[in-house]
Amino acid sequence: MNNYEKIEEIRSSIGVNKKTMAESLGVSARQYSYWARDDAPEKYIAIAKKMMTIDEVDTIKAIYESKRSALLNSFVLEYNNLFDELGIMESNDNLDLLRERMENRYDLAYVFAYRYRMYPFFTEDFPEKDPFQYAYKINYSFISEVLSHIDNAARNQKALTFYQLEDLCGGREFRHDIIQVIHYLRISGDIGEKIILNLLSYCPAEAHHLEHENEVKQLFNLKIGEF
């Protein structure tokens with residue numbers, strides 16, 4: 001068993017995903033994925049062994065899920081009450097009105113992050129102290145990595161395609177997470193449509209729906225307990 005396989009055995013035993021394991025070891029998701037091919041430096045085994053036990057991780061995940069359910073249930077109830085109060089039918093215009101009203105009550109990007117179990121990048125200030133780091137499916141480091149590549153391309157006036165971004169962020173294994181991060185960046189107002197068009201100029205079929213700004217509609221389609 002090589003070093004990477006030993007680290008993977010530890011990761012599996014405590015039930016965290018590869019992005020969280022990479023963050024805990026202080027490496028990028030891309031570097032972690034390369035270890036499967038090139039093997040990991042031995043020093044990271046000792047770091048991995050100091051991670052939480054499975055019981056500790058399970059406790060953190062349970063607390064997070066309780067907080068998540070409370071937030072999303074509250075959001076859905078508020079949305080349903082407002083929908084009934086306005087007495088309107090679903091349409092794009094009405095969704096814009098609902099968004100405006102709901103934004104006075106909730107940070108929609110924060111709700112979106114909790115909906116998809118992602119670190120609320122633009123809300124939390126201290127990721128290294130976040131008690132829920134083991135509960136996220138998409139963690140601080142991964143969002144930071146995606147955003148960094150997008151910012152670098154924009155700063156250098158380069159048209160970054162989705163496939164290029166995917167290669168920079170660890171490959172196809174992280175495709176779905178990259179798509180979710182782009183949705184999150186858009187609902188946060190931190191990515192321009194020109195950048196999205198560049199990404200879509202060469203992208204997999206799974207990313208095609210990014211051409212439609214449907215993040216808010218995803219939230220407004222939530223039902224109590226169905227998340």
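A salt bridge (charged side-chain N to carboxylate O under 4.0 Å, His left out) check over residues 181-193, counting only residues at least two apart or in different chains, returns the pairs R186-E193, R186-E215. Every pair passing salt bridge (charged side-chain N to carboxylate O under 4.0 Å, His left out) that includes a residue from residues 173-185 is listed here, sequence neighbours excluded: K18-E173, K19-D177, E166-R175, R175-E206.
Residues V16 and I45 fall within the same hydrophobic cluster, defined by Ile, Leu, Val, Met, Phe, Trp and Tyr side chains chained together at heavy-atom separations under 4.5 Å. Under a hydrophobic-cluster definition in which Ile, Leu, Val, Met, Phe, Trp and Tyr are linked whenever side-chain heavy atoms come within less than 4.5 Å, directly or via other members, I47 and Y140 are assigned to the same cluster. V181 and Y202 fall into different hydrophobic clusters, where Ile, Leu, Val, Met, Phe, Trp and Tyr are joined by side-chain heavy atoms under 4.5 Å apart, directly or via other members. Hydrophobic clustering, with ILVMFWY side chains joined whenever heavy atoms are under 4.5 angstrom apart, keeps I187 apart from L197. One hydrophobic cluster holds both L72 and Y64 under the rule that ILVMFWY side chains link at heavy-atom gaps under 4.5 Å.
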Practice prompt. Show your working on side chain to side chain contact (heavy atoms under 4.5 Å, CB included) between C203 and L200 and close with a plain yes or no.
Written response: CA-CA 5 Å; C203 70; L200 293 175; 3.9 Å; yes
Item to complete: Apply side-chain hydrogen bond (donor to acceptor under 3.5 Å, both in side chains) to S141 and Y119, showing your working.
Response: CA-CA 9 Å; S141 295; Y119 176 81; over 6 Å; no
Practice prompt. Determine, step by step, whether N198 and S201 satisfy the side-chain hydrogen bond (donor to acceptor under 3.5 Å, both in side chains) criterion, reporting the C-alpha distance in whole Å, the side-chain angles of both residues, the deciding distance to 0.1 Å, and the verdict.
Written response: CA-CA 5 Å; N198 288 335; S201 67; 5.5 Å; no
Practice prompt. Under the side-chain hydrogen bond (donor to acceptor under 3.5 Å, both in side chains) rule, what do Y34 and R30 come out as? Steps first, then yes or no, please.
Written response: CA-CA 6 Å; Y34 285 170; R30 183 187 188 191; 3.0 Å; yes
Worksheet item: Stepwise, does the side chain to side chain contact (heavy atoms under 4.5 Å, CB included) test hold for H149 with Q164?
Response: CA-CA 10 Å; H149 291 310; Q164 289 172 331; over 6 Å; no
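Annotation: side-chain hydrogen bond (donor to acceptor under 3.5 Å, both in side chains) contacts of R11 (sequence neighbours excluded): E8. Remark: Y134 pairs with no residue by the ring-ring contact (aromatic ring centres under 6.0 Å, His included) rule, at least two apart or across chains. Annotation: side chain to side chain contact (heavy atoms under 4.5 Å, CB included) contacts of E9 (sequence neighbours excluded): M1. With sequence neighbours excluded, no residue forms a salt bridge (Lys or Arg N to Asp or Glu O under 4.0 Å) with R172. Remark: N73 engages S69, I224, F227 in a side chain to side chain contact (heavy atoms under 4.5 Å, CB included) (not counting sequence neighbours). Residues passing the side-chain hydrogen bond (donor to acceptor under 3.5 Å, both in side chains) test with R37, sequence neighbours excluded: none. Partners of S12 by side-chain hydrogen bond (donor to acceptor under 3.5 Å, both in side chains), not counting sequence neighbours: none found. Applying the side chain to side chain contact (heavy atoms under 4.5 Å, CB included) criterion to K223, with sequence neighbours excluded, gives E226. Scored by the ring-ring contact (aromatic ring centres under 6.0 Å, His included) test, Y32 finds Y4, W35 as partners (sequence neighbours excluded). Checked against side-chain hydrogen bond (donor to acceptor under 3.5 Å, both in side chains), E5 has no partners two or more places apart in sequence or in another chain.
Within a 6.0 Å sphere centred on NZ of K61, heavy atoms belonging to other residues, nucleotides or ligands number more than 12. At most 12 non-hydrogen atoms from other residues, nucleotides or ligands lie less than 6.0 angstrom from NE2 of H176.
The aromatic rings of Y106 and F75 sit perpendicular, their planes meeting at an angle over 60°, well past the 30° parallel limit.
With hydrogens and angles ignored, the 3.5 Å screen pairs a side-chain donor or acceptor of D107 with a backbone N or O of A109. The main-chain N or O of Y184 is found under 3.5 Å from a side-chain atom of S188 such that the two form a donor-acceptor pair. Judged by distance alone, with hydrogens and angles left aside, the side-chain atoms of R105 form a donor-acceptor pair with the main-chain N or O of R101 at under 3.5 Å.
With values rounded to the nearest 0.5 angstrom, H208 atom NE2 is found 9.5 Å from I179 atom CD1. Atoms CE and CD1, from M21 and I14 in turn, are 5.5 Å apart once rounded to the nearest 0.5 Å. Of the inter-residue distances, the one linking E145 atom CD with I178 atom CD1 reads 8.5 Å to the nearest 0.5 angstrom.
The nearest pair of heavy atoms linking A29 to C169 is CB-O, 4.3 Å.
Screening Y116, Y114, Y110 for a ring pair (Phe, Tyr, Trp, His ring centres under 6.0 Å) with F112, the sole residue that qualifies is Y116.
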